[in-house]
There are 2 protein chains.
Amino acid sequence: MGLVSKIQTLTGLSPEAVSWLNNALETFSFKKNELVLKEGKVCQYLYYINKGMAYGYYHLQDHEVCNWIARENDFATSYYSFISQQPSYEIIACFEDCSVQAISYAQLNEMYRLFPESERAGRLILEEYYSRLEERLISIQFKSAKERYLTLLKNRPEIIQRAPLGRIASYLGMKQETLSRIRAEKE
Amino acid sequence: MGLVSKIQTLTGLSPEAVSWLNNALETFSFKKNELVLKEGKVCQYLYYINKGMAYGYYHLQDHEVCNWIARENDFATSYYSFISQQPSYEIIACFEDCSVQAISYAQLNEMYRLFPESERAGRLILEEYYSRLEERLISIQFKSAKERYLTLLKNRPEIIQRAPLGRIASYLGMKQETLSRIRAEKE
DNA sequence: TTCATTTTTTGATTTAGGTCAAATGCCTCC
DNA sequence: GGAGGCATTTGACCTAAATCAAAAAATGAA
């Protein structure tokens, strides 16, 4: 399922909008460990992952904090930088070779202008981002390390399988020693 | 400073938009401890506080979790419910007698339709909400209870002065016993 | 003013998860 | 295929903040 069909599942788009969008989309490939977005650059694209796994992280003091992990059929962008077109403190990189579709900020706004019904899709994507963040806050604040791990294992097992442990731990808000122990105790 | 001037500081609005907006705004008064939004209701308004202090909280298991605290010249709404027009799990209530301006969801969208330049203001307000949430996540995840308290004391001292300790503690993600001890140790 | 209720403080104890350090496993690339 | 470098596991110990419990202070209604 590509970006266009994903948007179709969110809201109906006219055939004209679909065709315009297909034309506006770009595709990119990234190698394993390649940087999709460097720190301090403005994020120009909203990405949609066709193949591979990518993640967003930022520097905090001396260590790196993983903010999100995305796999096939997930949107991926430095939300804040893309929306505000300000330099990004978030870095986007790839766990695996990735192939992605992408729409630029300018083209996205052009789409809104040309096809006002597409605003709804844009809004729904942003809402999704906001909800994810809210859920993460609640999870970090009120759930134990073990509960967080089990929730991720249940909801997104492919992350547990395909991402390195240290990054998963950081994403879950714990030390990798802790995650290692949790994982050990359960079998 | 009312809602209209606040928006003017975010982005320019045409005199027509300003006049239309002034007409579209409603004003409400709420008594201390009155509920502005009940759990399960759709949040119909984006509020702007002219006088008083309000807060948003939700039920989690047996206790209440404070999500935000707003004072004069802050926007206040159940973000998720307002944006998606879904029933709200968040409850809005008042610490003090409040007088607020409010724009309804329908009128806000009408404004976007009539005055496309106002979209920018809307987007900026939502970005602000998103950033606040991100900051809170970082603060809960990486700062100690004491650091969180000191940051709030520095950035928004009026909250420390005017809101009850239990709610502040909940907002800061700690138990009120902890907040009480932190407060005691510093003088 | 007094009594009742709520809010805040103080004290003793427990615990989840962090920290530091070392050992083991496992890629990958000359 | 062996050496060096990562990633992961394991162990011992420590600490911030939660929990449980009770006292003290503040608030407000009659």
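Note that the structure is a prediction, hence the values are computed from the model and not measured. Below, chain A is the first sequence line, B the second, and so on; all start at residue 1. These values consider heavy atoms only, across backbone and side chains, with no hydrogens, waters or symmetry-generated copies.
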Whole-Å distance, A/Q176 CD to C/dC20 P, equals 15 Å
Judged by modelled atom types alone, do B/W20 and B/E110 share a side-chain donor-acceptor pair under 3.5 Å? no
Check your understanding: Looking at A/K154 and A/E147, does any basic side-chain N land under 4.0 Å from a carboxylate oxygen?
Key -> no
Closest of C/dT19, D/dT8, C/dT8 to the A/L165 side chain is D/dT8
B/E64 CD to C/dT6 P, in whole Å, measures 13 Å
*Below 4.0 Å: OP1/OP2 of D/dA16 and any side-chain N or O of B/K146*: no
Polar pair under 3.5 Å, donor/acceptor by atom type, side chain A/R183, base D/dT10: no
Rounded to whole Å, CD of B/E177 lies from C1' of C/dT9 at a distance of 9 Å
To the nearest angstrom, the CG-P distance between B/L172 and D/dA17 comes to 12 Å
In whole angstroms, the gap separating P of C/dA21 from NZ of A/K175 amounts to 15 Å
Self-check item: A/D74 bridged to A/K6 by N-O distance under 4.0 Å
Solution: no
Partner of B/F115 under side chain to side chain contact (heavy atoms under 4.5 Å, CB included), picked from B/E117, B/R113, B/E119, is B/E117
Donor/acceptor link under 3.5 angstrom from B/R181 side chain onto base of C/dG11: yes
Rounded to whole Å, CG of A/D62 lies from P of C/dC20 at a distance of 10 Å
When you check the side-chain N and O atoms of A/E26 and A/Y45, is any donor under 3.5 Å from an acceptor?
yes
From NZ of A/K143 across to P of C/dG17 the rounded distance in Å is 14 Å
Short side-chain N/O contact to D/dA18 OP1/OP2 from B/T178, under 4.0 Å: yes
Ranking D/dT9, D/dA18, D/dT8 by distance to the side chain of A/P164, first place goes to D/dT8
Atom CG of B/L179 and atom P of C/dT7 are separated, to the nearest Å, by 15 Å
